[in-house]
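As structure tokens, the structure follows; a few thoughts come after it.
Here the structure is a predicted model, which means the values were calculated and not measured. A, B, ... follow the sequence lines: proteins, then strands. Residue 1 opens every chain.
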Amino acid sequence: MGMGAGDCDGDTVCGEALMPRRRDEMVPDAEFRSYYGQPVIKQPIWHEPHMPTYLYLGGLSGAAGAMAAAARLTGRDRLELAARMTAFAGASAGAAFLVAELGRPMRFLNMLRVFKLTSPMSVGSWTLAAHSGLTGVAAGSAVTGLLPLAGDAASVASGLSGVAMATYTAVLLADTAVPAWHEGMRELPFLFSGSALASAGAAVMLTTPRAQAGPARAAAAAGAVAEVVAGGLMERRLGLVGEPYRTGRAGRLMRASRVLTLGGGLLATVAGRSRALTALSGLAITAGALCTRFGVLEAGRASAKDPKYTVVPQRDRLDAGHPASVPGR
Amino acid sequence: MAECHPVGYQWVMEARARGAKVFHIDPRFSRTSATVDRYLAIRAGTDIVLLGALINYVLSNGLDFREYVLAYTNAATLVNKDFRDTEDLDGLFSGYDEETGRYDPSSWAYEGDVPEEEEPVEGGGHHAEAAGSDSYGARGAGASATPPADPTLTNPRCVYRILKRHYSRYTPEMVEELCGIPPERFHELAEAITANSGRERTTAWVYSVGWTQHSVGVQYIRAASILQLLLGNMGRPGGGIMALRGHASIQGSTDIPTLFNLLPGYIAMPHAHRHDGLDHYLEREGADTGWWGNRRAYVVSLLKAWWGDAATEDNDYRFDYLPRLTGDHGHYATVMGQIDGTVKGYFVVGENPAVGSANGKAQRLGLANLDWLVVRDLMLVETATFWKDAPEIETGELRTEDIGTEVFFMPAASHVEKEGTFTNTQRLLQWRERALDPPHDCRSDLWFFYHLGKRIRRRLGDDEIDRPVKELTWDYPEIGEQRDPDAEAVLREINGTGPGGRLLASLRELKPDGSTSCGCWIYCGVYADGVNMAARRTPHTEQGPVALEWGWAWPANRRILYNRASADPQGRPWSERKKYVYWDAGKGRWVGPDVPDFEEDKAPDYVPPEGAKAQDALAGTDPFIMQSDGRGWLYVPSGLSDGPLPAHYEPHESPVRNALYGRQANPARRTIDRPENPYNPALSPRFPYVYTTSRLTEHHTTGAMSRPLPYLAELQPEAFCEVSPRMAEELGLENGGWATIVTARTAIELRVLVTGRVRPLRLNGRTVHQVIMPYHWGYSSGGVITGDVVNDLPSIVLDPNVYIQESKAGTCDVLPGRRPRGTALLDLIERYRHG
Amino acid sequence: MAERMGFFTDTSICIGCKACEVACKEWNQVPDDGFVFRATSYDNTGALGASTWRHVAFVEQDGRWLMSSDVCKHCTHAACLDVCPTGALFRTEFDTVVVQADVCNGCGYCVPACPYGVIDRREDDGRAWKCTLCYDRLRGGMEPACAKACPTESIQFGPLDELRQRAAERVERLHADGRTEARLYGENPDNGVGGTGAFFLLLDEPETYGLPPDPVVTTRDLPAMWRWAGGAALALAAGVAACFLGKRG
Ligand SMILES: Nc1nc2c(c(=O)[nH]1)N[C@H]1C(S)=C(S)[C@@H](COP(=O)(O)OP(=O)(O)OC[C@H]3O[C@@H](n4cnc5c(=O)[nH]c(N)nc54)[C@H](O)[C@@H]3O)O[C@H]1N2
Ligand SMILES: Nc1nc2c(c(=O)[nH]1)N[C@H]1C(S)=C(S)[C@@H](COP(=O)(O)OP(=O)(O)OC[C@H]3O[C@@H](n4cnc5c(=O)[nH]c(N)nc54)[C@H](O)[C@@H]3O)O[C@H]1N2
Ligand code: SF4
Ligand code: SF4
Ligand code: SF4
Ligand code: SF4
Ligand code: SF4
Ligand SMILES: [Mo]
């Protein structure tokens, strides 16, 4: 009898072009039976550009906060100012995108009713609240010259909230049933922190006088390398589940990200005195970091949409005699 | 059954869980097929071949329940020597008139029965037979309760021998060739049902409209009856033939009928030319032996219920007030009358013929030619809106501005907004309370007809012609602000009263002398002792398994009909396992968990005295008490229009030649040869596919009640057809795409569901593809979802006994893609008709 | 806490009537899910979602037509509940998992977290919805609407322990009848979600019905995730530090 997934790969049986709600270009050829090629889990419903832009801005702001702290501790005033401002701008714009994702500002405040360690989003909301508060104080103080001590303290503290800010988003994604994210739980934080470092480096390097911009340039380059290495490692380790990062729109975004990031990073090290090259480098890194976030979101969606990424690893696990287990209550 | 009677089907599932083996025989692999032990795919319209082969299997292997068969059926009875079988006449029985296409059934009679005199009857002669088949339950005047018989079953003219000969050509090979069921599957079925019948076990057959909507529909059921009687499965627990009925209380509307040829309780409607007065009518409509022998009491009590004090012995109890038939007034004849302009006005109450009746175009052309039309419905159904949105408007065949029909739409109260009874498939009357008042102008049908009657009566003068209506008892108490007639008062009238207005307790109290009145004799007792028996709801935990205190079953609250047959001739249970109703000699009574369907104190050894009448003429061993001889009829000597035995005929439109006889289709079928009703020629290569129509769990009939409901509409949102992957490939049909289905009537478009559940049939080396179409869609109604009307495809061709349309088997062509619009559609059909 | 209540859905006796789907919508006033002919057997609602809390799947293959009514699993370790940042999802006294519509802020996090693809956000009101195991009915001492409507008792509601026992007997019985393809799905308290409050008897691999064969509550790995993220955070800090440690330039 027809209509198993086996028959579904031929379009005569499924006629998918005629079914508006089931446009699965990627019906698996793997040898398992799906339910009409439909996804097993729900795709992340977060919107574009809100969510990936938020992820980018969060990373940018976080790493910039860390740089501001480091600049404060090493006494690089101009760089610190640029980093403080970047961290604040990133946090505020990020919060704005998050609110846009949620629909209403009240809904963000709703998150702060509770604090839940099991919810990376809860942890993240508090982190974002703390981080944007700290960067706000730091930036405000720098701009107005008021409360310089508090400003400095906030700046240093935002170094701590910043590294959390730049990495929690990886847990946010990994703590889902989305195969490309969940399975990437080891490398995703490094991918995101590397990318954060690169994007913050790029932004600060553009806004800091050439003389003081050395650490920013180094950060941009180091971050770029870290990002690309982490991404490559992840794709390799994930095997089948890494496929969504290589194929389709996500694949294109991830490839673009790699080229832009590496190119930008390289340029940062050689740009030297050239304003134009520095600018080009900064833009490339920024674009690369954005591509990473859009790419990761898209890869997650693609891996959720095609049931093979959910089913095959689970089936392999079962066939190997190692079913998942969480001891019962 | 899973599709259309899911709540009842739970018991099939439960029976399976307890080890019952369930077969499903159906052209469509439905939800039922998915949940049974064995599914047999059959070509639509061929069940008599299968059933005939099962009968043949039983007879030629001597597997009949001989003691039961000899004692309780007419197997031994001798048939008139003039009778000729289809074996002798290549598919015809004796008495066929080629010119009129009808049978004269007199040669089918038992030996010694006086054949009924044939008298020329203008117009409606054929109909009179049809009406009779619904009502006789008896062989007519001049029959005897004990016709000549040969208990050795050796006389070639005994029913048993005739049966054997008749079914000898119904072989497993024929089953394979005509039905498409392979021999090993046939044998599995045959072995299962025979092994599961006899003293210790019983087998039940369940059917619904897959067996009735054929030009030989009645004979399908007859074939099953023969099989069940031979196997001893009638009148016994776990046996029987269960007709799963349709609409809520469709059973009730046959008991107290909405049919043109019946009066309440299956009493024949008098005929204008056949019956002079009450005596003449009673003399001609039934036998004097068996319970129909009391029909004077039933009829007189009915007339008393209707005309009260105005009905007296001197005036024949106003028998002459009853309307008279002049011919066929069935639905399709009426529609033709509309098209001809002889039917001017039309009440449509709780029906949607523009979508639900065969040949939708003819239905709508009829509606468009009326002076006035009253539609009483919950919804603005297609029948009420045809003048603006019928497909004929799109094709230009009808123009809104040219339609003169004045349409009155009267909103109806729904079942939760009124009280009354539903009679279900098991003859069980169940009382429903009214949950809320009907909104706005919605009123119950009872309200409508009662107040309409009152208004009409107010306008009547003293003319003689008005008296039947003026003298009607029309006086129900009115309740509440909306002045709803009291439904319990109606039920009390149906139950009947005796002298002094005492409510009758049993139909045995009905008198032929005008001292009792009763609105429907089979319902007598539903209000016994002033208790609304239909409203009883004793939980099953507080009563026995037969649950006699849940509702009330007609007649006399009996749950299994003819249950005297559950005991052997001596009155002992056939077996301990199948013990049900049996004779307790000590008490001198029939006892058991059910109400005996027999006179309680009639001993098994009772022998009727010479000249006895009614039930007294039946012996203590005659369980089938409505029959004139008390026997189950394997062979039907009178009452049917198309033969005493079921024979296989192809559907009127069939792509296959009848391999059994020279006669292709039922010789007595009713056709309507008119331009509005063109037929696909049989065996036509232009219409190579078989179609059948069916239902889905998610919708109800014409969809009027289900399509407007989003929760149901979303479950099956579009009209579709099911085709096999092979057919889809051959024709280029895409799953989820469109197909156009063409017959000589019209073409419609449906979504395509390609499914391995539909299989092409191999018949005689040829592949026959089948198209399966649910018929729930229409062009208006609530607007949530719409679709083309499947009933625009079938022609009007009718079973000659009950005039049901053959909507379950026809031929068609199938084209990929959507249908042409406007006049291009007419051009396409024109090409099919003449090309 | 009251006894843990749940569902045993025995798909071997499901007749695909969808009474459960409709009863659920009627009782809970769930809106319709659109009118799309999907051409996937008799399934036109597709999957569980914000507006379909019971979903009857129709699997056509190998001459069989399997029907199965799916629902939220009310997991012992419920990812949706774990990850919900607002506390909108909570565990009831019947040990079921319910969304409080007035608390949910529509963050959508529960949606990809559920390993069964059950919970979903309704785009028009921006909140997450799923089966409540008829919390209101349970509190009123009634059984859930879907179970009540099921004509064949394919959906059985009751104390989870009892259901598990009944299910074990049923599988045994089916196996004895030669129906070796029968298997329980989700009832094992040692599985990746700690056992489900709504479990099933299936007649084929779970994935045939669109169910994950070996789901795991995503938060099982959360400590590891935090560790990896912590590592990355440290690395980031170290990276930043390294960049600043060089000589001032
Ligand atoms: N959900 C739902 N329930 C309903 C209804 C509804 O519309 N929807 N309608 C109600 C009404 S009014 C009625 S009358 C009943 C009808 O109940 P059913 O008779 O069960 O309904 P159908 O689907 O019309 O026909 C039954 C089956 O007959 C098969 N069939 C067609 N031709 C043949 C044949 O020649 N031989 C055999 N063996 N089978 C054949 C069809 O494929 C179909 O599967 O249901 C009642 N219940
Ligand atoms: N091709 C094909 N055609 C068929 C069949 C088939 O199997 N195949 N089946 C046939 C069968 S068995 C049947 S029964 C018919 C059904 O055909 P119809 O009876 O014409 O169709 P329904 O949609 O059931 O129409 C019943 C109407 O009654 C209304 N109604 C409900 N309750 C009440 C009430 O209390 N009072 C009033 N006044 N109205 C009410 C509903 O809104 C609905 O519009 O179709 C027949 N046609
Ligand atoms: S609709 Fe009513 S009559 Fe039909 S199956 Fe359901 S409960 Fe029975
Ligand atoms: S099945 Fe999904 S939605 Fe239901 S409790 Fe488990 S995780 Fe939550
Ligand atoms: S969408 Fe609502 S229920 Fe889901 S995680 Fe967010 S707040 Fe909780
Ligand atoms: S338990 Fe209630 S809410 Fe859940 S599916 Fe059943 S009816 Fe719907
Ligand atoms: S109500 Fe019961 S039988 Fe019907 S589809 Fe739902 S689970 Fe299956
Ligand atoms: Mo019907």
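When A:Arg113, A:Arg104, A:Arg107 are each tested for a side-chain contact (heavy atoms from CB on, under 4.5 Å) with C:Asn105, only one passes: A:Arg107.
Chain A forms the most heavy-atom pairs under 4.5 Å with one residue out of C:Ala237, C:Ala47, C:Ala57, C:Gly126, and that residue is C:Ala57. Contact count against chain A (heavy-atom pairs under 4.5 Å) is highest for C:Cys84 among C:Cys84, C:Ala235, C:Gly106. If you tally non-hydrogen atom pairs under 4.5 Å between each of C:Cys243, C:Ala241, C:Pro115 and chain A, the highest count goes to C:Cys243. Per-residue heavy-atom pair counts under 4.5 Å with chain A were compared for C:Gly195, C:Pro213, C:Ala233, and the maximum is reached by C:Pro213. Highest contact tally toward chain A, considering only C:Val216, C:Val111, C:Leu48, is held by C:Val111 [criterion: heavy-atom pairs under 4.5 Å]. Contact count against chain A (heavy-atom pairs under 4.5 Å) is highest for C:Ala229 among C:Ala229, C:Gly49, C:Gly87.
Within the 4.5 angstrom heavy-atom criterion, no atom of A:Ala170 approaches chain C.
Salt bridge annotation for C:Glu60-A:Arg33: absent, with no cationic side-chain nitrogen under 4.0 angstrom from a carboxylate oxygen.
Side-chain contact between C:Asp221 and A:His182: present, with at least one pair of heavy atoms (C-beta onward) separated by less than 4.5 Å. Side-chain atoms of C:Val83 and A:Met121, non-hydrogen and from C-beta on, never get closer than 4.5 Å to each other. Looking at heavy atoms from C-beta onward, C:Leu211 lies out of side-chain contact with A:Tyr35 at the 4.5 angstrom threshold. Counting heavy atoms from C-beta outward, C:Glu205 and A:Arg315 have side chains that approach closer than 4.5 Å. At a threshold of 4.5 Å between non-hydrogen side-chain atoms, the residues C:Arg227 and A:Arg186 do not count as touching. Residues C:Cys107 and A:Met111 form a side-chain contact, since some pair of their non-hydrogen atoms from C-beta on lies under 4.5 Å apart. The shortest side-chain heavy-atom distance between A:Gln314 and C:Pro215 falls under the 4.5 Å cut-off. A:Val114 has its side chain out of reach of C:Pro85: every pair of non-hydrogen atoms, C-beta onward, lies at least 4.5 Å apart.
Within the structure, side chain to side chain donor-acceptor pair (under 3.5 Å) contacts touching residues 47-59 of chain C (residues at least two apart or in different chains) are C:Asp33-C:Thr52, C:Asp43-C:His55, C:Ser51-C:Arg122, C:Arg54-C:Ser69.
Going from atom OG of A:Ser122 over to atom CG of C:Asp82 covers 12.0 Å, rounded to the nearest 0.5 Å. C:Trp228 CH2 to A:Glu187 CD: the interatomic distance, rounded to the nearest 0.5 Å, is 7.0 Å. Residue C:Trp226 holds its CH2 atom at 8.0 Å from OG1 of A:Thr167, rounded to the nearest 0.5 Å. Here A:Tyr36 contributes atom OH and C:Thr208 contributes atom OG1; the two are 11.5 Å apart, rounded to the nearest 0.5 Å. Rounding to the nearest 0.5 Å gives a distance of 9.5 Å between OG1 of C:Thr218 and CD1 of A:Ile41.
In the displayed structure, A:Arg78 atom CZ is contacted under 6.0 Å by at most 12 heavy atoms of other residues, nucleotides or ligands. When the shell of 6.0 Å around CD of C:Glu181 is examined, it contains more than 12 heavy atoms from other residues, nucleotides or ligands.
Listed by chain and residue number, A:Ala221 satisfy the side chain to side chain contact (heavy atoms under 4.5 Å, CB included) test with A:Thr269 (two or more places apart in sequence, or in another chain).
With hydrogens and angles left out, the side-chain atoms of C:Asp190 and A:Ser325 include no donor and acceptor closer than 3.5 Å.
Remark: side-chain polar atoms of A:Asp175 are not paired, donor with acceptor, to backbone N or O of C:Leu222 under 3.5 angstrom.
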